[in-house]
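The structure under discussion appears below in the form of structure tokens.
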Amino acid sequence: WCKGWNKDRARDGKYPGVPFQGEKDWQKYEVARRLKDVVHTIRAQYRKDWKSKELKKQQRAVALYFIDKLALRAGNEKEEGETADTVGCCSLRVEHIQLHRRLDGQEHVVEFDFLGKDSIRYYNKVSVEKPVFENLQLFMKNKDPTDDLFDQLTTTFLNKHLQRLMDGLTAKVFRTYNASITLQEQLKALTNPEDNVAGKLLSYNRANRAVAILCNHQRSVPKTFARSMEVLQEKIDAKKKQVEEAQEGVKKAEDEFKETKDAKAEANVEKKKKLLKRLEEQLAKLNVQATDKEENKQIALGTSKLNYLDPRITVAWCKKFGIPIEKIYNKTQREKFAWAIDMAGEDFEF
DNA sequence: GAGTAGACTTGGAAGAATTTTT
DNA sequence: AAAAATTCTTCCAAGTCTACTC
């Protein structure tokens, strides 16, 4: 009884001192939103620090650039031996990056290859700004492959610095911020108001996917992937055939109407056209499904959806385009994000 | 400061439940 | 109604970061 009562009371947040459901989550995203206001200053700052005379500051500035641009994790130092040899930004070693002055037509390319959290491989080639490239050369000079790239840097030092720049700011906030802002931008760029619901959902998934790629959320290819892809392709082929048949059906009906000019034949033309339209829609839907599936082969969307994307962005998008929220969030997710569902209007901006 | 205990968040996969296909 | 496929839930390890000690 007591439990339920507390829960209900907590739900609407009308009682001071009683945290509403999801308040922690809400706070997390509010911190990330505040970063939006100062991120330009911070970027200007670390650009300046690339040129600092203090090695420590230079390293901090380059690390921060990676955390911001590539959404790398902080990378606390961890006890050796027992745990797997995984790293994050601050714990990167010389052996984890390779520098290329030119590569594939790009300048100042850094090639990352290391194991991150849960031993998920991070592999990426990124063109960086020239001062960063030069700093990295400096940091790597006279070091063994197994030496720390940022030997002067700790996560504590980095976070202390961030705390000074903005209240509540830590390294991981950049992940939240960049994930959410990317979703918002991608949704804006990809959503076509003319599309039907399936098409819009594909756009949503693509936006979600852009975030998952940024955050390096990978999954192993599902065992049934190839098989179910085949099955889907067969369905598409079958549907194509049906569409062709329906096209002929329309033509035939039209010819007949020309001959006879009677009302019955006219109605038949309409009927055939309707059928064709329905089949074409079904085909389009299947094609969308296939694209989505293929693009999602090795990408896990769940983690970003659950931990990085401000749900209010999604809620606003759904309201704006008339997409039922259940198409995106299942029951548990709707519960988790209940606060956002009644908080955000269609004009919410992250 | 340096070190570390512990609260809290984030992670993919395995197993369970549900939906779709046959 | 069984089988297959998909989606959801649960699990707990692996991270992040603060707070506290020395």
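These numbers come from the heavy atoms of this one structure, side chains and all, not from hydrogens, waters or symmetry mates. Keep in mind that what you see is a predicted model, and the values were worked out from it rather than measured.
If you take OH of A:Y329 and C1' of C:dC8, they are 16 Å apart, rounded to a whole angstrom. Distance CZ (A:R219) to P (C:dT6): 10 Å, rounded to an integer number of Å. Atom NZ of A:K223 is separated from atom P of C:dA4 by 16 Å (rounded to the nearest Å). Here B:dG1 presents its C1' atom at 13 Å from CZ of A:F157, a figure rounded to the nearest Å. Rounded to an integer number of Å, the gap from A:L115 CG to B:dG12 P is 14 Å. Computed from coordinates, the A:E326 CD to C:dC8 C1' distance equals 16 Å when rounded to whole Å. A:K336 has its NZ atom 15 Å from the C1' atom of C:dC8, to the nearest Å. A:L301 has its CG atom 17 Å from the P atom of B:dT10, to the nearest Å.
Judged as a salt bridge (Lys or Arg N to Asp or Glu O under 4.0 Å), and not counting sequence neighbours, the contacts of A:D113 are A:R121. Partners of A:K252 according to the side-chain contact (heavy atoms from CB on, under 4.5 Å) rule, which considers only residues two or more places apart in sequence or in another chain, do not exist here.
Across the interface with DNA chain B, nearest-nucleotide mapping of A:S220 and A:K24 shows A:K24 to be the residue nearer the 5′ end.
Between A:F337 and A:Y329, the ring planes lie tilted relative to each other; the angle falls in the 30° to 60° range. Taking the six-membered ring for Trp and thresholds of 30 and 60 degrees, A:F114 and A:F112 have ring planes more than 60 degrees apart, a perpendicular arrangement.
Taking the six-membered ring for Trp, A:W317 and A:F348 have ring centres at least 6.0 Å apart. Under the 6.0 Å cut-off for aromatic ring centres, A:H96 and A:Y122 do not qualify, their centroids lying 6.0 Å or more apart.
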Pairs under 3.5 angstrom only: tabulate donor-acceptor contacts from the side chains of residues 232-243 of chain A to other protein residues two or more places apart or in another chain.
from: A:Q233; atom 1: NE2; to: A:D237; atom 2: OD1; distance (Å): 3.4
from: A:K239; atom 1: NZ; to: A:Q282; atom 2: OE1; distance (Å): 2.8

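Here the options are A:L138, A:L153, A:N135, the test is side chain to side chain contact (heavy atoms under 4.5 Å, CB included), and the partner is A:L55; only A:L138 passes. Checking each of A:D37, A:V31, A:V39 against A:L35 for a side chain to side chain contact (heavy atoms under 4.5 Å, CB included) leaves exactly one that passes, namely A:V39.
Counting all heavy atoms, side chain and backbone alike, A:D262 lies closest to A:A265 at OD1-N, 2.9 Å.
Residue contacts shown for A:Q218 are limited to sugar-phosphate atoms, with no base heavy atom under 4.0 Å away. Using a 4.0 Å heavy-atom criterion, one finds that A:K331 contacts no nucleic acid atom at all. Residue contacts for A:K160: at a heavy-atom cut-off of 4.0 Å it reaches no nucleic acid atom on any strand shown. Within the nucleic acid shown, A:L306 has no heavy atom closer than 4.0 Å to any nucleic acid atom.
One finds no side-chain N or O of A:Y308 lying less than 4.0 angstrom from the OP1 or OP2 phosphate oxygen of B:dT9. When the side-chain nitrogen and oxygen atoms of A:N330 are compared with OP1 and OP2 of C:dC8, one or more of them lie within a distance under 4.0 Å.
Salt bridge status for A:R278 with A:E281: absent, with no side-chain N to carboxylate O gap under 4.0 Å. Ion pair A:K336/A:D25 flagged as a salt bridge, since at least one NZ, NE, NH1 or NH2 atom sits closer than 4.0 Å to an Asp/Glu carboxylate oxygen.
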Show the distances under 3.5 angstrom between N or O atoms of the protein and N or O atoms of nucleotides 2-6 of chain B.
none

Would you mind building the protein contact string for nucleotides 15-21 of chain C? One character per nucleotide, 5' to 3', B for base within reach (heavy atoms under 4.0 Å), S for sugar-phosphate only, - for untouched. SBSS---

Could you encode protein contacts along nucleotides 17-22 of chain B as a string, one character per nucleotide from 5' to 3', using B for base contact, S for sugar-phosphate-only contact and - for no contact, with a heavy-atom cut-off of under 4.0 Å? ----S-

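Residue A:T303 places its side chain closer to B:dG11 than to any other of C:dC8, B:dG11, C:dA5.
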